[in-house]
Amino acid sequence: MSVSPPSDGHQSGEPAAEARDPWSPPPPGPAPDPASAPWAPYLTDPLLAARPPRNGMGITALVLGIVSLVLGVFVFLFWMTWLPGLLAVIFGIIGMRRDRKGLATNGSVAMVGTSLGALGLVVSIACGVFIAMAAKKAVDETRAHVKKVEASVEAEREKFRQEEEKAAREEKARHLSFGKTYVFPDGLKVTVAEPERFVPESLTTGNLKGRKAIQVTVTIANTGSRDVELHPGLPDVKDAKGTSAELVIDGSGRQKIINDKLQAGKTIVGRYMFSLPPGAADKAEVGFCPDFSRSGFSYWSGPLHLGS
């Protein structure tokens with residue numbers, strides 16, 4: 001029985017493979033098959049060979065597009081809508097380009113984000129135009145209101161000025177010279193004659209020795225169509241210095257105080273006696289009103305010619 005030589009894993013007749021250092025340079029000759037290389041399993045592993053898709057731009061575009069539309073719902077936030085909308089369009093375009101190059105897998109998401117961003121931009125522009133038009137309308141209405149108020153104020157000023165001028169004319173018309181006639185609103189024509197010298201009787205009240213005695217004559221004519229009650233009271237007599245005269249009552253019967261009804265078309269004459277201080281100016285003023293309840297005083301003035 002013969003003894004067989006030990007087997008080394010090769011069939012008989014084939015040369016034994018020489019041991020080889022894997023880190024030594026390859027031997028000369030044709031290149032080995034990559035599939036037979038020791039690292040071949042790592043190249044065919046899909047978890048290690050595949051690169052992750054770059055989908056960030058598409059997702060960002062979608063989020064910004066949604067934000068743009070949400071902000072666009074609030075018209076007064078239009079100024080915040082355009083920026084995320086513009087960024088959504090830019091990022092969406094980049095995302096779609098990456099999808100076409102095979103670097104991303106969410107091209108539809110990027111397209112939706114681009115569309116939403118564009119819609120947000122349109123909404124922002126529309127809201128901006130709307131608010132600009134509303135602001136212009138508000139400004140125009142405010143200016144029109146201001147002009148209206150200014151016109152109203154100017155009209156009131158003009159009315160006030162006219163009333164002042166009218167009051168000044170009426171006040172000036174109320175100051176007449178002795179002998180002139182003033183027509184009151186109720187149709188009464190009043191004339192105050194220049195005061196005359198008056199010599200009181202021996203029995204008098206209110207005339208002290210050395211004072212200047214004067215007689216004031218008032219004539220009232222009723223030119224209206226109705227009878228008028230007269231309650232004028234006494235005339236207000238002063239000299240040019242503002243010194244008031246004192247009423248004089250004597251027993252001559254010359255004094256006539258008006259306090260009666262004056263029929264339409266009739267005339268009544270009143271006579272009043274006064275005395276001025278010895279040093280009174282040679283000019284006097286007489287204020288008279290037929291009835292205080294219907295009108296105010298009118299005034300007659302002028303120099304006094306009392307003689308000796």
Side-chain angles (χ1 to χ4, degrees), residues 167-224 227-308:
R169 290 193 300 268
E170 291 179 351
E171 184 65 21
K172 183 177 180 180
R174 288 180 179 275
H175 292 76
L176 304 95
S177 302
F178 287 128
K180 300 293 184 179
T181 300
Y182 181 79
V183 181
F184 285 85
D186 52 8
L188 295 177
K189 290 185 176 182
V190 178
T191 305
V192 177
E194 179 182 340
E196 302 174 356
R197 183 182 179 187
F198 165 63
V199 180
E201 296 290 335
S202 56
L203 297 176
T204 60
T205 300
N207 185 53
L208 301 178
K209 185 177 181 180
R211 295 176 64 89
K212 298 178 180 180
I214 58 174
Q215 173 182 300
V216 176
T217 303
V218 179
T219 303
I220 303 177
N222 184 3
T223 61
D227 298 348
V228 179
E229 291 285 345
L230 301 177
H231 304 287
L234 298 175
D236 182 22
V237 182
K238 298 178 181 180
D239 70 352
K241 297 179 181 180
T243 305
S244 298
E246 294 183 3
L247 180 66
V248 175
I249 300 176
D250 67 357
S252 64
R254 291 173 292 182
Q255 194 162 16
K256 170 63 177 177
I257 297 178
I258 299 175
N259 191 20
D260 200 357
K261 178 185 289 187
L262 182 59
Q263 297 178 352
K266 300 296 184 178
T267 300
I268 190 172
V269 178
R271 297 183 181 88
Y272 304 87
M273 315 305 175
F274 294 91
S275 65
L276 293 169
D282 293 334
K283 186 177 181 181
E285 181 184 71
V286 178
F288 186 82
C289 176
D291 195 323
F292 299 112
S293 64
R294 297 194 301 268
S295 59
F297 269 90
S298 293
Y299 300 89
W300 287 259
S301 61
L304 297 175
H305 303 92
L306 303 180
S308 57

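Count residues from 1 along the sequence.
- Under the side-chain contact (heavy atoms from CB on, under 4.5 Å) criterion, S177 pairs with K180, sequence neighbours left out.
- In terms of the side chain to side chain donor-acceptor pair (under 3.5 Å) criterion, residue partners of E194 (sequence neighbours excluded) are, by chain and number, H305.
- The shortest side-chain heavy-atom distance between Y182 and W300 falls under the 4.5 Å cut-off.
- Here D282 contributes atom CG and D239 contributes atom CG; the two are 9.5 Å apart, rounded to the nearest 0.5 Å.
- Partners of K261 according to the salt bridge (Lys or Arg N to Asp or Glu O under 4.0 Å) rule, which considers only residues two or more places apart in sequence or in another chain, are E229.
- Annotation: salt bridge (Lys or Arg N to Asp or Glu O under 4.0 Å) contacts of D291 (sequence neighbours excluded): R294.
- The CE atom of M273 sits 10.0 Å away from the CD1 atom of I257 when rounded to the nearest 0.5 Å.
- Remark: S244 pairs with K238 by the side-chain contact (heavy atoms from CB on, under 4.5 Å) rule, at least two apart or across chains.
- Shown are L262, T223, V183; of these, the side chain to side chain contact (heavy atoms under 4.5 Å, CB included) with L188 is made only by L262.
- Checked against salt bridge (Lys or Arg N to Asp or Glu O under 4.0 Å), R271 has no partners two or more places apart in sequence or in another chain.
- For D260, there are no salt bridge (Lys or Arg N to Asp or Glu O under 4.0 Å) partners at least two apart in sequence or on another chain.
- Here CG of D186 is found 7.5 Å from CG of N222. Values are rounded to the nearest 0.5 Å.
- Applying the ring-ring contact (aromatic ring centres under 6.0 Å, His included) rule to F178 yields no partners; only residues at least two apart in sequence or on another chain are considered.
- For the pair P278/R211, a side-chain contact is recorded, criterion being any heavy-atom separation below 4.5 Å from C-beta on.
- Atom-to-atom distance recorded for C289:SG and F184:CZ is 5.5 Å, nearest 0.5 angstrom.
- Here the options are I258, I214, V286, the test is side chain to side chain contact (heavy atoms under 4.5 Å, CB included), and the partner is Y272; only I258 passes.
- Side chains of I249 and Q255 form a contact here, defined as non-hydrogen atoms less than 4.5 Å apart.
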**Study point:** Residue pair V228, I220: steps toward the side-chain contact (heavy atoms from CB on, under 4.5 Å) verdict
**Key:** CA-CA 11 Å; V228 179; I220 303 177; over 6 Å; no

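- Looking at H231 and N259, their side chains come closer than 4.5 Å, going by heavy atoms from C-beta outward.
- Across all non-hydrogen atoms, the minimal contact from D227 to A264 is OD1-N, 2.9 Å.
- Residues satisfying the side chain to side chain donor-acceptor pair (under 3.5 Å) test with T181, not counting sequence neighbours, are T191.
- Using a 4.5 Å heavy-atom cutoff, the side chains of F274 and P235 are in contact.
- Partners of A240 under the side-chain contact (heavy atoms from CB on, under 4.5 Å) rule, at least two apart in sequence or in another chain, are A281, K283.
- In this structure E171 satisfies the side-chain contact (heavy atoms from CB on, under 4.5 Å) test together with R174, H175, sequence neighbours excluded.
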